[in-house]
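Comments concern the structure below.
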Amino acid sequence: MPELPEVETTRRGIEAHVSGQIIAAVEVRQPKLRWRVPPGLSRKLKDARIDCLERRGKYLLFKTSSGTLIVHLGMSGSLRMVVDGAPPQAHDHVDLRLGNGLTLRLRDPRRFGAVLWTRSDPLRHPLLAALGPEPLSDGFDGAWLRQRAHGRKAAVKTLIMNSRVVVGIGNIYASEALFLAGINPARSAGRISARRLHGLAAAVKQVLEEALEQGGTTLRDFVNGAGEPGYFAQSLRVYGREGEPCVNCGAPVRARVLAQRASYYCPRCQR
DNA sequence: AGTGCGGCCTGTCCGC
DNA sequence: TGCGGACAGGCCGCAC
């Protein structure tokens with residue numbers, strides 16, 4: 001899916017078009033996403049005003065005068081602004097028609113995404129309540145990572161992809177950050193020195209910031225609010241580069257599966 | 001409590 | 001050219 005840089009790129013791209021807008025109509029063509037789209041969503045949202053668009057982890061929070069619309073893009077979801085009346089394409093599941101002549105449209109071929117609704121504080125929603133710190137905030141650093149890694153036997157890649165430990169890091173950026181930090185993705189989290197965990201926290205921040213600057217990574221589905229791809233794919237150092245030379249030492253990049261996810265690393269640079 | 005796995009979906013690509 | 005199977009950016013819920 002979109003990982004944090006892609007979700008944040010989406011948020012930045014559509015924020016100005018949705019903030020302050022009244023929702024004129026909601027159309028749900030396919031309610032069967034990861035969870036069923038709430039049946040009365042249209043009634044709940046109609047005539048509500050979108051006050052702001054925030055992000056927590058990979059969840060987008062449309063805060064309105066009557067509650068919060070929570071959107072998750074899953075593996076293949078994208079949100080974009082289209083002009084009212086633009087004919088929906090395949091997998092365009094949900095539309096929010098706004099007062100400014102634009103429609104916010106959710107496309108999600110694999111339907112692993114979600115559209116949810118809550119009247120209370122969205123940060124207390126069951127799906128969001130236990131989330132770890134934002135990786136680009138001061139709440140995420142080497143000390144935090146060290147505390148969470150203590151005693152863990154599982155692979156460090158699994159640890160940093162755990163949203164209770166830190167949000168926003170998916171399969172691509174986990175491999176990339178571990179490469180920058182020089183840590184083998186399969187290494188047990190609890191057996192990494194404090195110094196290297198500090199380096200890993202810094203590497204996570206670095207790779208996410210770089211990806212944000214490039215508008216995210218587009219492998220296949222991701223487009224920003226204007227329908228454009230991100231450009232970080234060309235900057236990936238190890239992800240998807242099995243057999244190609246390590247950008248650091250030239251050794252062939254290796255791939256192996258960890259927790260059922262493809263992982264890429266340099267066997268010489270990452271220990 | 002931590003860990004590993006199945007499952008949710010469709011599209012694409014690869015080998016036969 | 002067609003077909004089966006593996007795989008793809010996430011992550012919940014369950015069994016152990």
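Just so we're clear, the structure is a prediction, and the values are computed from it rather than from any experiment. Just so it is clear: chains get the letters A, B, ... in the order the sequence lines come, proteins before strands, and each one is counted from 1.
- Each of B:dT3, B:dC5, C:dC11 was ranked by its minimum atom distance to the side chain of A:Q260; first place goes to B:dC5.
- Considering only the side chain of A:K58, C:dG10 comes nearest among C:dC12, B:dT3, C:dG10.
- Closest contact between the side chain of A:K32 and the listed nucleotides B:dC9, C:dG10, C:dA8 involves B:dC9.
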Checklist entry - Tell me, what's DNA chain B's dot-bracket, Watson-Crick or G-U with both distances under 3.5 Å, | for other-strand, [ ] crossing? => result .|||||||.|||||||
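- The shortest distance between side-chain heavy atoms of A:R97 and A:I23 does not fall below 4.5 Å.
- Atom CZ in A:R261 sits roughly 13 Å away from atom P in C:dC12 (whole-Å rounding).
- Here C:dG10 is the nucleotide among C:dG13, C:dG10, C:dA8 with the atom lying nearest to any side-chain atom of A:H72.
- The CG-C1' distance, from A:L258 to B:dG4, rounds to 12 Å in whole Å.
- Here the separation of C:dA6 from B:dG6, taken at their P atoms, is 13 Å to the nearest Å.
- Considering only the side chain of A:R111, B:dT10 comes nearest among B:dT10, C:dA8, C:dG10.
- Closest approach to the A:A154 side chain among B:dT3, B:dT12, C:dC11 is made by B:dT3 (side chain taken as heavy atoms from C-beta onward).
- Residue A:E3 places its side chain closer to C:dG10 than to any other of B:dG6, C:dG10, C:dA8.
- Of all nucleotides listed (B:dG11, B:dC5, C:dA8), B:dG11 comes nearest to the side chain of A:H91.
- In this structure the side chain of A:L136 never reaches within 4.5 angstrom of the side chain of A:V204, judged on heavy atoms.
- Linking ILVMFWY side-chain heavy atoms closer than 4.5 Å, directly or via other members, places A:L4 and A:F222 in two distinct hydrophobic clusters.
- Rounded to an integer number of Å, the gap from CG of A:D108 to C1' of B:dG11 is 12 Å.
- Looking at A:T217 and A:Y239, their side chains never bring a donor and an acceptor atom within 3.5 Å of each other.
- Along DNA chain C, the nucleotide nearest A:R34 and the nucleotide nearest A:Y264 are compared for position; the residue whose nucleotide lies closer to the 5' end is A:Y264.
- Look at A:F112 and the base of C:dC11; the rings do not stack under the cut-offs of 5.5 Å between centres and 30° between planes.
- Counting heavy atoms from C-beta on, the side chains of A:V18 and A:M81 come closer than 4.5 Å.
- Note on A:T217: a base of the nucleic acid sits closer than 4.0 angstrom, heavy atoms only.
- Distance A:H150 NE2 to B:dA1 P: 16 Å, rounded to the nearest Å.
- The two residues A:G77 and A:P2 make their nearest non-hydrogen contact at O-CG, 3.6 Å.
- At a cut-off of 3.5 angstrom, counting only N and O atoms as typed in the model, there is a donor on one side and an acceptor on the other between the side-chain of A:R110 and the base of B:dC9.
- C:dG5 and B:dG7: their P atoms are spaced 16 Å apart (whole Å).
- A donor-acceptor pair is defined here as one N or O able to donate and one able to accept, closer than 3.5 Å; such a pair exists between the side chain of A:Q270 and the backbone of A:C266.
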